[in-house]
Amino acid sequence: PDGKSLYVAEGDPDRTGPRQLRAYPIQNDGSVGKHKVLHEFGAADRGIEGLCVSSEGNVFACGGWKKSGPGPMVYLFSPAGELVGQQPAPDDLPMRCAFGDPDLSSLYLTNGDGYLYRARHTGHKGGRR
């Protein structure tokens with residue numbers, strides 16, 4: 001929410017090896033510094049496809065699938081990168097997530113088949129810039 005971090009996630013199912021959620025510090029000149037690995041998924045997991053950041057700096061991420069790993073999930077990471085929660089996604093191949101509604105209090109999620117889901121009352125809100 002402060003614009004000082006760039007989050008990058010790997011979700012390519014054809015990639016070999018582990019997939020990571022990374023945070024890059026944004027320098028004053030707009031360049032990025034050395035990344036920090038916030039979370040590493042195993043080689044059998046699809047990894048993260050989409051993410052968004054709450055006003056508190058928590059990272060919400062969606063990924064996974066029914067083929068392997070823990071299945072389709074919505075993950076919650078603290079600003080420090082600690083996995084503090086996960087919830088099964090409502091359908092396979094979750095793709096993107098974003099906060100919405102006038103007060104940014106609902107979490108929206110799309111999946112690979114084009115469906116849109118909304119979770120109300122998550123206890124988190126999206127940030128405004």
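We use all heavy atoms of the structure for the numbers below, so side chains are in, but hydrogens, waters and symmetry mates are not.
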Under a 4.5 Å cut-off applied to non-hydrogen side-chain atoms, are [X] and [Y] in contact?
X      : Y     : result
Leu107 : Ser54 : no
Cys97  : Val74 : no
Lys4   : Pro25 : no

Next on the checklist: Show me the pairs that pass salt bridge (Lys or Arg N to Asp or Glu O under 4.0 Å) and involve residues 85-96, at least two apart or across chains.
Outcome noted: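 Applying salt bridge (Lys or Arg N to Asp or Glu O under 4.0 Å) to every pair that reaches into residues 85-96, excluding sequence neighbours, yields Glu49-Arg96.
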
Checklist entry - Counting only heavy atoms not in Asp29, do more than 12 sit closer than 6.0 Å to its CG atom? => result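 Count over threshold, so yes.
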
Item to check | Taking every non-hydrogen atom, the tightest pair across Gly64 and Arg46 | outcome: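 Minimum heavy-atom contact is O-NH1, 2.6 Å.
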
Checklist entry - Taking all atoms of both residues into account, what is the closest heavy-atom pair of Glu56 and Pro1, and its distance? => result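 Nearest heavy atoms, Glu56 then Pro1: C-CG, 4.4 Å.
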
Working to the nearest 0.5 angstrom, can you tell me the gap between [X] [atom1] and [Y] [atom2]?
X      : Y      : atom1 : atom2 : answer
Lys36  : Arg22  : NZ    : CZ    : 14.0 Å
His121 : Ser106 : NE2   : OG    : 7.0 Å
Asp101 : Lys125 : CG    : NZ    : 10.5 Å
Leu6   : His35  : CG    : NE2   : 12.0 Å
Cys52  : Asn58  : SG    : CG    : 10.5 Å

Next on the checklist: Could you list the cluster mates of Phe77? Members are the ILVMFWY residues connected by side-chain heavy atoms closer than 4.5 Å, either directly or through other members.
Outcome noted: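 Result for Phe77 is Tyr7, Leu21, Leu38, Phe41, Ile48, Leu51, Val53, Val59, Met73, Tyr75, Leu83.
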
Checklist entry - Who are the ring-ring contact (aromatic ring centres under 6.0 Å, His included) partners of Tyr117, not counting sequence neighbours? => result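 ring-ring contact (aromatic ring centres under 6.0 Å, His included) list for Tyr117, sorted by chain: empty.
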
Checklist entry - Is there a donor-acceptor contact under 3.5 Å from the side chain of Asp113 to the main chain of Tyr115? => result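 Checking the backbone N and O of Tyr115 against the side chain of Asp113, no donor-acceptor pair under 3.5 Å is found.
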
